[in-house]
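The following block contains the structure, expressed as structure tokens.
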Amino acid sequence: MKRTAHSRRSGRTTAALAAAAAAVVLAAGCSSSAGGKQAQEDSGGTAAGKADTPRMKIAMITHAAPGDTFWDIVRKGATAAAKKDNVELIYSSDEKAADQANLIQNAIDQKVDGIAITAAKPEAMRTAVAKAQKAGIPVVGFNSGLDQWKDLDLLSYFGQDESVAGEAFGKRLNELGAKRNICVIQEQGHVALEARCAGVKKTFDGKTDILYVNGKNMPSVKSTIEAKLRQDKSVDYVVTLGAPFALTAVDSVKDAGSKAEVATFDLNKELVGYLKDGSIKFSVDQQPYLQGYLAIDTLWLYKNNGNFSGGGEEPVLTGPAFVDESNIDDIAKFAEKGTR
Amino acid sequence: MSMTQAAPTAADYPADQPPAASAAGGAGPSPGNDGRTARRSALHRLLGRPEIGALIGAVAVYVFFFSVAPTFRQFDSLATVLYQASTIGIMALAVALLMIGGEFDLSAGVAVITSALTASMFAFQMSMNVWVGVIVALAVSLSIGAFNGLLLIKTGLPSFLVTLGTFMMLQGANLAITRLVTGNVATDSIRDMDGFEQAQAVFASRITIAGTEFRITVLWWLLFAAIATWVLMRTRYGNWVFAVGGNKHSARAVGVPVTFTKITLFMTVGFAAWFVGMHQLFAFNTIQSGEGVGQELIYIAAAVIGGCVLTGGYGSIFGPVIGAFLFGMVTQGIVYANWNPDWFKFFLGAMLLLAVLINLYVRNQATRR
């Protein structure tokens with residue numbers, strides 16, 4: 001009896017030792033020789049001087065979908081400006097307009113020194129914004145709400161005119177000799193996305209078809225684009241509205257046996273290689289880092305020197321900036337850091 | 001022990017699961033014992049099977065798109081439809097088993113992304129062979145399943161509440177941990193890391209059949225379906241699943257290990273989430289942490305279209321296979337048919353509802369005497 005207990009225990013010890021040994025072997029033997037964190041370590045961050053003005057508190061409230069690379073870049077720009085300007089940044093986001101308005105109220109309650117908002121659904125924000133202004137808190141807009149920011153009495157506006165960007169996109173397609181494109185919208189009914197495709201349609205000389213895909217499920221995005229390319233062999237350009245979807249579109253084109261090229265809105269670090277080797281023709285960048293950065297920096301300037309961009313009359317456009325084979329090398333190092 | 005005793009719901013569905021009943025411990029009811037079976041025609045028995053409505057619906061949808069969309073007729077279009085169906089279908093299999101066992105899982109959609117994120121980040125941050133990440137992700141996925149099952153059993157809360165909690169926790173964790181670890185909201189590409197190519201061969205390669213390239217997930221899907229069918233219809237475990245879904249108290253009374261069965265069913269969902277997550281990772285190289293939300297309903301929809309009921313104790317594996325296929329056909333068929341995209345979601349919903357209605361109608365016809 002005792003013997004068995006003992007041997008069982010020693011068996012267990014042996015097993016534990018074996019497991020530990022296996023883990024060590026695994027750690028040593030399974031190290032990847034390429035890629036991975038170690039390969040990434042050497043990239044540095046943006047560091048500028050630091051303002052010695054009094055500490056101030058700014059709230060940034062967006063309609064970002066959680067886990068979207070685009071908004072990540074906006075936030076990084078805002079964080080960089082906050083660090084430099086000695087600002088405490090309170091970032092929050094909610095896809096629903098009503099909850100976004102609540103977040104503004106929350107910021108007022110916290111007695112912040114400035115608020116930066118995206119007005120994707122301006123009407124829903126009106127009351128909350130007016131309340132902030134009445135409390136003496138300056139509000140700037142960025143990214144969404146180009147048509148309404150003046151109406152909301154916002155201090156400044158930083159962003160891209162989605163229609164203008166779409167129109168520039170369509171013209172570029174004409175220059176490249178495209179005849180027929182599909183514009184892939186990853187979220188049906190999203191105002192800014194629809195505006196981009198409408199812009200493309202407006203200036204493009206050929207025919208533009210809109211294709212809706214389920215942006216929350218990549219295999220579905222891939223199959224749907226693939227299906228469309230099979231259905232219509234004359235499509236020679238696939239236009240996507242976000243970087244991750246552009247990468248998937250390249251796969252779809254390949255698998256559908258189509259000759260279509262891919263061009264997209266927005267950048268991210270994965271896109272760099274694709275732009276370099278031409279598998280994605282070009283990208284229209286609205287410079288989200290700049291939007292986040294300028295929104296915070298303007299609020300700081302306003303408090304410390306009374307300046308504000310655009311003078312309350314004109315929006316400050318951060319795009320469209322075209323990125324393609326010709327200039328990707330200059331931009332690559334920033335995109336790889338996830339800031340461009 | 002016979003199936004009909006273990007699962008009281010069998011009485012509610014007089015025509016259900018004949019194969020399971022006959023396989024139950026080798027002591028199925030003989031036609032002479034049960035008056036109903038003797039009087040039932042072969043056609044009625046066929047119509048009483050859980051998946052028959054979905055099958056008829058699928059044939060109808062197939063014929064429909066076949067006639068209106070020329071591209072739909074191509075063999076390689078079928079490959080695209082099957083690909084989409086397979087990634088939904090692998091999950092739907094596990095979700096269907098769980099539903100037959102009387103529970104469902106709202107965390108299944110984001111759990112797929114959790115698994116993919118885990119594998120990717122673990123391998124990348126530790127600079128290890130990607131297979132290490134794959135194994136760690138499997139452990140994490142199975143643990144999530146076990147957590148759901150254990151919590152359900154220990155607290156007695158309905159699975160709706162338990163998995164709703166897990167759903168939200170995973171959704172938050174996906175985002176928060178990804179940002180914490182990578183500094184971004186998407187993972188870094190692991191394409192150039194050791195082991196990537198083998199892993200891609202397993203989870204995301206292509207196979208040429210009759211001149212057409214099929215994604216390997218289609219084969220895995222059918223293989224998993226075959227295994228699941230065998231387990232459900234030919235093993236004691238399969239009987240346990242029906243029994244705990246029918247009535248867990250009577251199941252426990254006749255000696256079915258209810259706790260074990262429910263927890264392993266949740267872990268099966270975890271396994272499927274891991275598999276589909278690995279496919280997404282190795283097919284698309286990077287994963288955005290916000291993906292996956294809403295997919296859980298599509299998996300449940302595929303299972304329900306396939307004849308599973310929300311109350312448990314009834315269903316099959318072939319049904320969800322058809323359900324997922326139907327989903328793939330409708331999603332892609334609308335594109336092949338080149339319909340006005342504004343109506344896309346409406347068509348999708350209408351088609352699915354139609355399939356479920358046919359399903360219901362056929363079952364009512366079959367069970368009415």
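Residue numbers start from 1 in every chain, and the chains themselves are labelled A, B, ... in the order their sequence lines are given, proteins ahead of strands.
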Short side-chain donor-acceptor distance under 3.5 Å, B:Q84 and A:S220: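 Result is yes, a qualifying pair exists.
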Segment of B:T71 engaging chain A (4.5 angstrom heavy-atom cut-off):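 Interface part for B:T71: side chain.
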Heavy-atom side-chain proximity of B:Q74 to A:Q231 below 4.5 angstrom: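 Sidechains of A:Q231 and B:Q74: no contact.
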Portion of B:Q288 that has a non-hydrogen atom of chain A nearer than 4.5 angstrom: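 When you check distances to chain A, atoms from both the backbone and side chain of B:Q288 fall under 4.5 Å.
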Shortest non-hydrogen contact between A:D72 and B:N184, atoms and distance: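 Taking A:D72 first and B:N184 second, the nearest heavy atoms are OD2-CA, 2.9 Å.
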Gap separating the OG1 atom of B:T87 from the CG atom of A:N217, nearest 0.5 angstrom: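 That separation rounds to 6.0 Å.
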Which of B:G328, B:G172, B:G183 touches chain A most, by non-hydrogen pairs under 4.5 Å: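 Sorted descending by pairs with chain A, the first entry is B:G183.
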Chain A interface, residue from B:R206, B:Q171, B:E213, B:H279 that has the most non-hydrogen pairs under 4.5 Å: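 That would be B:R206.
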Stepwise side-chain contact (heavy atoms from CB on, under 4.5 Å) test for B:R215 and A:K222: CA-CA 12 Å; B:R215 297 298 287 241; A:K222 181 180 174 296; 3.2 Å; yes
CD1/B:I177: more than 12 non-hydrogen atoms of other groups inside 6.0 Å: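 Result for CD1/B:I177: open.
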Heavy-atom closest contact (B:V335 atom, A:L211 atom, distance):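 Heavy atoms of B:V335 and A:L211 come nearest at CG1-CD1, 3.9 Å.
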Region of B:F284 in contact with chain A, defined by heavy-atom distances below 4.5 Å: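 For B:F284, the contact with chain A is made by the side chain alone.
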Non-hydrogen atoms of A:S223 and B:Q332 that approach each other most closely: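 For A:S223 and B:Q332, the tightest heavy-atom pair comes out as O-OE1, 3.0 Å.
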Nearest non-hydrogen partners of B:T187 and A:E270, listed with the distance: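 Closest approach of B:T187 to A:E270, heavy atoms only: O-OE2, 4.3 Å.
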Separation between CG of A:D255 and OG1 of B:T80, rounded to the nearest 0.5 Å: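 That separation rounds to 8.0 Å.
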4.5 Å side-chain heavy-atom contact, A:T69 and B:T286: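 They are not in side-chain contact.
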B:W220 atom CH2, neighbour heavy-atom count above 12 within 6.0 Å: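 Check fails, neighbour count at 12 or below.
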Euclidean distance, A:M218 CE relative to B:E291 CD, rounded to 0.5 Å: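 CE of A:M218 is found 5.0 Å from CD of B:E291.
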Region of B:L175 that comes under 4.5 Å of a non-hydrogen atom in chain A: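 Only the side chain of B:L175 comes within 4.5 Å of chain A.
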Separation between CG of A:N214 and CD1 of B:I298, rounded to the nearest 0.5 Å: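 If we round to the nearest 0.5 Å, A:N214:CG and B:I298:CD1 are 5.5 Å apart.
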Closest heavy-atom pair and its distance - B:Y83, A:P219: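 Reported closest heavy-atom pair: OH-CB, 3.6 Å.
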Among B:G290, B:G333, B:A69, residue most engaged with chain A (heavy-atom pairs, under 4.5 Å):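 Looking at each of B:G290, B:G333, B:A69 in turn, B:G290 comes out on top.
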Under 4.5 Å from a heavy atom of chain A, the part of B:S77 involved: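 For B:S77, heavy atoms of backbone and side chain both lie under 4.5 Å from chain A.
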Selection from B:T217, B:I88, B:V293, B:I190 maximising heavy-atom pairs under 4.5 Å formed with chain A: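 When all of B:T217, B:I88, B:V293, B:I190 are compared, B:V293 has the most.
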Distance (rounded to the nearest 0.5 Å) between A:E336 CD and B:D188 CG: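 Nearest 0.5 Å value for the CD-CG distance: 10.5 Å.
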Residue-level interface, residues 232-244 of chain A with chain B, non-hydrogen cut-off under 4.5 Å: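 The list, in residue order, reads A:P244.
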